[in-house]
Every structure is written in C-alpha cells, then in structure tokens.
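Structure first, then comments.
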Amino acid sequence: MSEYLNQLNGSQKAAVCYTEGPSLVIAGAGSGKTRVLTYKIAYLIEKGIHPSAILALTFTNKAAREMKDRISSIVGYELAKRLWMGTFHSIFSRILRAECEVLGFPRDFTIYDAADTKSLLKTIIKERQLDEKVYKPNVVYARISNAKNALITPQSYAANKDLIESDMYAKMPLIKEIYQTYFNRCKQAGAMDFDDLLLYTNILFRDNPSVLEKYRTHFQYILVDEYQDTNFAQHLIVQRLAEKHCNICVVGDDAQSIYSFRGANIDNILTFKNNFPSCKIFKLEQNYRSTQTIVDAANSLIRKNSRQIEKNVFSENEIGQKIEVLNGYSDYEEGYLVANKISEVRMRDHEGFNSFAILYRTNAQSRIFEEALRKRNIPYRIYGELSFYQRKEIKDVISYFRLCVNPADEEALKRIINYPTRGIGDTTLNKVLTTASLHNDSAWNVICDPLKYALPVNTGTASKLKAFKELIVGFIDESKVLSASDLATLIVKQSGVVADLFQDRSIEGTSKQENLQELLKGIAEFCEIKREEGIENPSLSDFLAEVSLLTDQDSTSEDREDKVTLMTIHAAKGLEFRNVFVVGLEEDLFPSGMSKGNDRAIEEERRLFYVAITRAERLCFITYAKSRFRNGQSNVCSPSRFIRDIDPRYLNLPADDFGSIGMQKARESVSAGGMQQKQNRRSFADRQPLEVSIHLISK
C-alpha cells in the first residue's frame with residue numbers, strides 16, 4: 001500500500017481507494033477534502049491510469065496549483081503536469097480554443113472580465129439612449145449572466161414569457177434586445193465573457209456529437225471539487241462528459257452551499273445520486289480544524305435546515321471555550337467591542353493580529369470596524385481589495401497586449417486608443433464606434449480603412465488614427481517572432497506607457513512604476529515556466545489566456561503581515577483563522593431582509609452562518625447591535641434568529657437579551673418558527689429554481 005494512504009483516516013481512505021464507478025464524497029467543514037482529492041488522483045496514476053485521461057475541476061486556480069504540487073510530490077512532476085487540472089473556466093477555455101473554429105471564433109479569442117462586460121453594456125445602453133438609472137449596467141449584467149448560466153441564449157430569452165414578464169415588472173423591457181446586441185458584439189469582437197465559456201462549451205457539445213464523443217472517451221476519470229457550488233451549465237457539462245465511463249467523483253458539502261446569487265444550485269449535490277443511481281456515498285465527518293464546542297455549535301445550527309444530506313460532523317480536538325455572544329447598543333459600540341476584545345485576547349493569549357478575522361454579511365459593514373481598529377492602533381487589511389490585474393496601469397498595458405493578439409477586441413481598443421494621449425478624443429472614438437456598428441464590423445477595421453467606411457473625420461484626425469494603426473500593426477508583426485516577455489517590454493516602451501508613468505514622481509506614481517516592473521517580471525517568469533514545460537517560444541496569447549482566467553481568490557495576495565483580516569463571509573469560504581468574529585447578527589441584516597418569506601433563501605443564509613462559524617479554529621465570537629444606522633437613520637434591531645438556532649449549551653449569552661426568561665422565549669420562538677417554516681414549506685414546495693434543459697440553447 002502506498003505510504004501516503006497511511007496518513008488518511010478510515011473514511012478518507014475508503015473514498016480514495018474507490019475508483020470504479022460514480023462516487024459522492026460529502027466532506028464536512030475542516031475534514032480534509034483537498035487531501036482526499038489529491039491522494040485519489042495520485043492513487044489513480046499509481047494504478048496505471050494515464051494522467052491525461054484524468055480531468056480534475058476546481059473553482060480557483062490556487063486550489064488547482066496546490067493540488068498539482070501535492071500530486072507532484074507523490075508521483076513526480078513529469079506525470080503531474082500531464083493532468084487536465086484547473087478551474088471549470090480554464091479547462092473549458094482550453095477545449096474551446098482547440099475547437100473554436102466550428103463556433104466561428106478565432107483561436108486567440110479574448111476573454112472579457114466583469115469590467116469589460118460592464119463597459120460594453122454601458123456603451124450599448126448609451127447607444128440606445130436608455131436611462132442608466134433604469135437600465136443599471138450591474139443589474140443588466142446580472143440578468144444576462146443568470147440567463148447564460150441557465151443556458152438561455154438571446155433567442156431563448158426573447159421567447160421566454162416568464163423572463164419577459166419579469167423584465168416588464170422591473171421596468172426594463174429592452175433587456176432582451178440589449179442581451180442580443182451584447183451577444184453579437186462579443187462575437188464580432190472575437191470575445192467571450194466568463195459565462196460564455198460555459199455556454200459555448202455546452203453549445204459545442206450539443207451541436208458537435210463527434211467532439212463530445214472525443215472528450216468523453218478521452219476523460220476516463222472525472223473529479224470535481226466543491227460540487228455544491230456548481231451551476232446548471234457546469235453540472236450539465238460534467239454529466240455529459242461522464243456518461244461514457246461513469247467514473248466520476250464529486251466532492252463537496254451541501255451545508256456550505258452559499259453561492260446561489262452566482263447561479264450555484266444546491267440541488268446538483270442533493271440529487272447527484274438520482275443522476276448516477278449506482279453512486280457510492282462517502283462521508284468525511286471528522287473536523288480537524290475546530291474545537292469540539294465550535295463543531296457542536298455549528299452542528300446544532302445547521303440541523304435546523306430541512307434540505308440537506310444527513311451527517312454527524314465531530315471533532316477530537318480540545319473541547320474549547322463556548323462561543324461568546326456580544327451585543328452593543330449601537331453599531332458603533334459593536335465596532336469598539338470587537339476591537340477591545342481583540343486587544344484583550346491578544347494580550348491574554350499572546351496571539352498575533354493575523355490570527356484574528358472579522359467576518360461580515362455585507363461589505364458596507366467594514367467601515368465601522370476599520371474606524372474602531374484604527375483608534376486602537378490595530379493593524380488590519382481588507383481581503384479582496386483591488387487585485388493586481390485590476391489596477392489601472394496594469395489594465396492599460398494588458399489592453400495593448402490584447403489588441404495585439406486580437407485587433408477586433410473593442411474594449412481593449414477603447415481603453416488605449418488615446419493612452420498615452422495622442423489626440424484621439426471621445427468624439428473621434430464615438431464616430432469610429434458608430435461607423436463600425438452601422439456597417440456591422442469591428443472598430444479596428446474602420447480604423448484600418450476609414451475611406452472604405454466613409455468615416456466622418458478630417459485629415460488631421462485621420463492621420464492620428466493611421467499612426468495608431470501602424471503602431472499596433474508593428475506590434476502584431478513583432479509578435480510573430482518575439483517571446484511574450486520580449487514583446488511585452490517592446491510594447492510598454494514604444495507605446496509611450498513607460499515614458500508616461502515615469503514622468504510622475506509622486507508616491508502614487510512610484511507605486512505605478514513598481515507595478516509595471518512587477519508585471520514585466522511576472523511575464524518573464526511565465527515564459528521561464530513554459531520553457532521548462534517544453535514550450536520554446538511562449539506567446540503573449542498564452543500569457544493572456546492564463547491571466548484572464550484568474551479568480552477573485554487567485555488575485556488576492558497572500559499577506560502574511562501581522563494584521564487583522566476583514567472580509568465578507570462569502571470571501572472567507574475555504575479559509576481558516578484561529579479566532580473569528582462573526583458580526584452583525586441581526587434580523588434583516590443576517591439573515592438578509594431579502595430572504596424574508598423564502599425558505600430556500602433562509603436556509604442558504606443559515607448555511608452562510610455555518611460557514612462563518614466553522615472558519616474558527618480556537619475562539620469564535622458572535623456580535624450584534626441593538627440599533628444600527630441605515631438609510632440615513634438609526635433603526636432598532638432584533639438579534640438574529642440564527643443565534644437562537646444554536647444550542648445554548650455552546651454559547652455564553654448576554655443576560656439582557658438572552659437571560660433565563662429570554663432563552664425560554666427564544667425556545668418558544670424557535671418552536672413557533674419551525675411550525676411557520678412547515679407551513680411556508682407547503683406554499684413554497686412547488687416553487688423550484690428555474691430549470692432549463694439543453695434544448696433551450698437555440699442555435
């Protein structure tokens with residue numbers, strides 16, 4: 001038996017060694033699911049399965065890298081590098097680049113991030129002379145994204161009465177037209193957004209049975225991490241790829257399904273056995289992270305949910321202290337209570353600041369805690385601050401790279417046509433875009449031949465456009481012979497970006513210069529890694545393909561400085577801290593007021609609280625305020641029902657709200673709430689999330 005298997009407990013080992021047929025691994029919080037996935041892949045390779053026949057899907061590049069590194073240490077780098085391992089989007093992007101011709105896209109298609117998508121939607125809304133206060137780009141983006149994740153194309157959207165009625169009710173009846181225009185413009189620009197990577201993969205497999213057969217034959221084993229977070233499109237692709245060999249292993253925890261707002265559907269994991277009736281279920285129930293008290297408290301909370309896979313998570317760590325519930329008279333006092341408690345615990349237990357995390361339901365809550373921490377001279381960092389690749393100077397340079405690889409990329413062109421300043425203003429740019437739209441062609445083609453398209457500009461402006469075109473064409477010619485690193489250096493110099501940035505001698509300017517140097521260093525390192533993998537002349541296209549697929553978590557730096565971490569609970573999933581404060585436990589805040597009257601939404605909010613509690617290793621604190629300043633006024637607040645959901649044996653409760661009489665009322669409230677939930681459940685029983693079949697993807 002392989003030595004690494006001896007590191008596993010009985011349940012983990014059973015899950016790893018079961019290799020023939022479908023399996024569902026229910027992994028409780030802190031139960032070592034990453035180790036199980038990693039060892040299972042290593043075990044398959046040691047059994048003689050070729051690495052390239054194994055498809056492993058994750059939700060972050062960071063998770064994929066860590067798993068691949070662990071696998072390399074067991075089976076060796078040469079074997080591990082042949083694995084098809086990565087995020088859903090990176091793997092499907094790889095398939096689409098290989099098969100894109102049948103879909104009418106160039107191999108070097110651009111991948112739009114959220115900022116690109118919103119920018120294009122803003123342009124379309126403006127072109128249609130619509131009110132941005134009504135057609136808010138963020139809202140329009142969310143509706144289109146949800147449609148794509150449900151595999152609804154623009155044609156299907158326009159034919160869907162429920163969606164059209166919903167848009168009419170929201171006073172946005174033209175969403176269907178905006179969606180169609182956006183869809184067309186992306187294709188025209190040779191671009192896909194993140195949602196398109198899933199949508200087009202489904203279309204590819206639907207319309208090309210031979211392509212589907214090729215990949216489902218090739219992938220003998222499929223493993224999926226965090227299956228509770230998959231949406232309909234991801235679930236359908238995985239299901240179709242697994243239909244031939246049926247050697248599929250999905251790992252996840254239904255109790256940690258918290259991303260329905262991104263399209264994640266908990267039913268995918270709850271009904272997995274229905275899709276694969278011969279599926280074997282393994283339960284990883286030992287929590288290695290938290291104290292027994294924290295685990296028991298979390299268990300008592302999540303038991304209140306009706307829709308779940310039964311499991312009994314336990315811990316053999318120390319019993320630990322009860323969860324302390326703190327209340328403040330106001331949200332400001334709540335902030336100071338937390339800051340003071342951090343100082344108290346740090347002095348008493350000699351903990352570093354980086355052992356503390358403050359987790360909140362919404363980003364807006366951070367301000368009060370920031371103020372309180374600053375006044376106590378407690379250093380902190382906000383997790384999920386602007387990532388490196390979202391900084392303006394980096395996005396500007398990346399846009400030059402994108403335009404060299406794909407000149408039809410309208411968003412990249414809009415960003416750098418007048419950066420550094422070259423006398424091509426908004427008026428000229430709008431004329432170019434309007435002309436392109438009129439001729440149903442790309443802005444780049446209009447710039448390349450303004451006479452053909454009768455572009456209404458004077459001679460001086462035409463000359464400036466010609467100079468810009470020649471600059472980009474020169475970069476395109478150089479890209480055929482230069483490596484990504486050499487080409488990037490050439491572009492930042494000849495475009496004038498270096499000269500522009502180095503004129504600024506301020507502290508902010510110096511920071512931008514350092515960021516540019518860091519980008520060039522990163523590209524050089526990328527080229528070095530690719531050469532080690534056997535790619536002699538890595539291209540800028542290869543670099544862009546990798547960078548464009550970075551997720552929020554991948555882009556967040558690993559800050560090991562001694563600082564308290566502030567973050568939303570959604571961002572905290574997958575992380576752990578010695579001491580955790582879960583703040584703002586009030587009705588209408590947590591659970592969110594938007595979940596009122598909806599059992600499914602309340603259960604997800606409860607799962608979110610479960611995730612927050614189980615981030616803690618040693619100490620967990622829950623806080624709430626009796627009044628909170630919201631919408632311009634101070635509002636009286638009630639403690640969250642979720643506090644009452646936890647067995648009081650595991651809590652230190654404030655006597656004023658949760659004394660002996662208070663707890664009796666709390667129990668009565670929970671009991672009454674349970675009866676009400678049953679009644680609500682009947683009325684909501686038939687109200688399922690939108691189910692869309694593959695046939696709804698119109699050609």
Side-chain angles (χ1 to χ4, degrees), residues 258 294 323-349 351-386 552 556-557 559-573 575-593 605 608-609 611-640 642-643 652 654 657:
I258 59 172
I294 290 172
I323 295 175
E324 189 170 353
V325 181
L326 307 171
N327 64 1
Y329 286 105
S330 67
D331 44 354
Y332 282 93
E333 188 182 11
E334 181 191 26
Y336 288 107
L337 280 171
V338 170
N340 291 338
K341 183 61 72 172
I342 288 173
S343 293
E344 176 192 321
V345 174
R346 184 171 180 269
M347 294 296 289
R348 183 189 70 209
D349 301 338
E351 295 272 15
F353 286 122
N354 58 8
S355 70
F356 295 91
I358 301 173
L359 308 182
Y360 34 77
R361 179 66 182 81
T362 65
N363 278 307
Q365 291 170 255
S366 73
R367 182 183 62 82
I368 285 172
F369 295 100
E370 289 184 67
E371 288 182 12
L373 293 172
R374 278 198 299 268
K375 288 182 178 176
R376 289 297 304 260
N377 292 318
I378 296 175
Y380 67 89
R381 65 162 184 152
I382 305 287
Y383 191 101
E385 291 175 318
L386 193 64
D552 294 342
T556 305
S557 62
D559 191 345
R560 296 300 179 189
E561 291 183 65
D562 195 21
K563 297 177 181 178
V564 174
T565 298
L566 278 69
M567 65 200 308
T568 64
I569 303 167
H570 282 103
K573 187 167 170 290
L575 303 177
E576 56 188 42
F577 302 90
R578 278 181 61 74
N579 310 296
V580 168
F581 290 82
V582 190
V583 300
L585 262 293
E586 299 138 32
E587 287 295 309
D588 294 335
L589 179 57
F590 197 5
S592 165
E605 291 284 300
L608 188 61
F609 188 32
V611 166
I613 292 172
T614 55
R615 298 312 92 200
E617 297 174 5
R618 192 179 75 94
L619 295 179
C620 183
F621 301 88
I622 296 169
T623 73
Y624 64 93
K626 295 182 178 181
S627 68
R628 186 171 294 274
F629 196 79
R630 297 174 77 181
N631 303 319
Q633 60 183 3
S634 183
N635 297 286
V636 176
C637 304
S638 302
S640 170
F642 293 158
I643 300 176
N652 273 333
D657 284 339

Self-check item: Arg381 side, atom CZ; Leu373 side, atom CG - distance, nearest 0.5 Å
Solution: 14.0 Å
Practice problem: Report the C-alpha distance between Met567 and Leu359 in whole Å, list the side-chain angles of each, state the deciding distance to 0.1 Å, and finish with yes or no for side-chain contact (heavy atoms from CB on, under 4.5 Å). | Solution: CA-CA 5 Å; Met567 65 200 308; Leu359 308 182; 3.4 Å; yes
Exercise. Test Glu370 against Ile382 for side-chain contact (heavy atoms from CB on, under 4.5 Å), laying out the working first.
Key: CA-CA 9 Å; Glu370 289 184 67; Ile382 305 287; 3.7 Å; yes
Exercise. Would you please name every residue forming a salt bridge (charged side-chain N to carboxylate O under 4.0 Å, His left out) with Glu351, sequence neighbours left out?
Key: Arg578, Arg618
Practice problem: Go through the structure and list residues passing side-chain hydrogen bond (donor to acceptor under 3.5 Å, both in side chains) with Ser592, not counting sequence neighbours. | Solution: none
Quiz prompt | Shortest non-hydrogen contact from Tyr624 toward Pro639 | solution = CE1-CG, 3.7 Å
Quiz item: Can you tell me how far NZ of Lys563 sits from CZ of Phe353, rounded to the nearest 0.5 angstrom?
Solution: 12.0 Å
Quiz item: Do you know which of Val338, Val582, Ile358 makes side chain to side chain contact (heavy atoms under 4.5 Å, CB included) with Thr623?
Solution: Val338
Quiz item: Got Pro379 and Asp562 here, is their nearest side-chain heavy-atom distance under 4.5 Å?
Solution: no
Practice problem: Specify the closest pair of heavy atoms between Glu561 and Asn354, including all atoms of both residues, with the distance to one decimal. | Solution: O-CB, 3.6 Å
Self-check item: ring-ring contact (aromatic ring centres under 6.0 Å, His included) partners for Phe369, two or more places apart
Solution: none
Practice problem: With sequence neighbours excluded, tell me which residues meet salt bridge (charged side-chain N to carboxylate O under 4.0 Å, His left out) with Arg615. | Solution: none
Practice problem: Check ring-ring contact (aromatic ring centres under 6.0 Å, His included) between Tyr380 and all other residues, then give those that pass, not counting sequence neighbours. | Solution: none
Quiz item: OG of Ser355 to CD1 of Ile342: how many Å apart, nearest 0.5 Å?
Solution: 9.0 Å
Exercise. Sequence neighbours left out, what passes salt bridge (charged side-chain N to carboxylate O under 4.0 Å, His left out) with Arg367? Give chain and number order.
Key: Glu371
Quiz item: How many angstroms lie between atom CG of Leu585 and atom OH of Tyr360, to the nearest 0.5 angstrom?
Solution: 15.5 Å
Quiz prompt | Closest approach of Val580 to Ala612 (non-hydrogen atoms, all atoms of both residues) | solution = CG1-O, 3.9 Å
Exercise. Apply the test side-chain contact (heavy atoms from CB on, under 4.5 Å) to residues Ile569 and Phe590: give CA-CA distance (whole Å), side-chain angles for both, the deciding distance (0.1 Å), then the verdict.
Key: CA-CA 11 Å; Ile569 303 167; Phe590 197 5; 3.3 Å; yes
Exercise. With sequence neighbours excluded, tell me which residues meet side-chain hydrogen bond (donor to acceptor under 3.5 Å, both in side chains) with Ser343.
Key: Arg376
Exercise. Would you give the length of the straight line joining atom CD1 of Ile622 to atom CG of Asn327, rounded to the nearest 0.5 angstrom?
Key: 12.5 Å
Self-check item: Steps toward side-chain contact (heavy atoms from CB on, under 4.5 Å) verdict (Phe621, Val345)
Solution: CA-CA 11 Å; Phe621 301 88; Val345 174; 4.1 Å; yes
Quiz item: Looking at residues at least two apart in the chain, or sitting in another chain, which of them share a side-chain contact (heavy atoms from CB on, under 4.5 Å) with Glu587?
Solution: Pro591, Ser638, Ser640, Arg641
Quiz item: Can you list the residues that meet the side-chain contact (heavy atoms from CB on, under 4.5 Å) rule with Ser627, with sequence neighbours excluded?
Solution: Ser330, Ser634
Practice problem: Quick one: which residue pairs count as a salt bridge (charged side-chain N to carboxylate O under 4.0 Å, His left out) with a foot in residues 324-340, not counting sequence neighbours? | Solution: Glu324-Lys341, Glu334-Arg628
Quiz item: Does any non-hydrogen side-chain atom of Leu619 lie less than 4.5 Å from one of Asp349?
Solution: yes
Exercise. Could you tell me the separation between the OG1 atom of Thr565 and the CG atom of Leu575, rounded to the nearest 0.5 Å?
Key: 8.5 Å
Practice problem: Answer yes or no: is there a side-chain heavy-atom contact under 4.5 Å between Ile378 and Arg346? | Solution: no
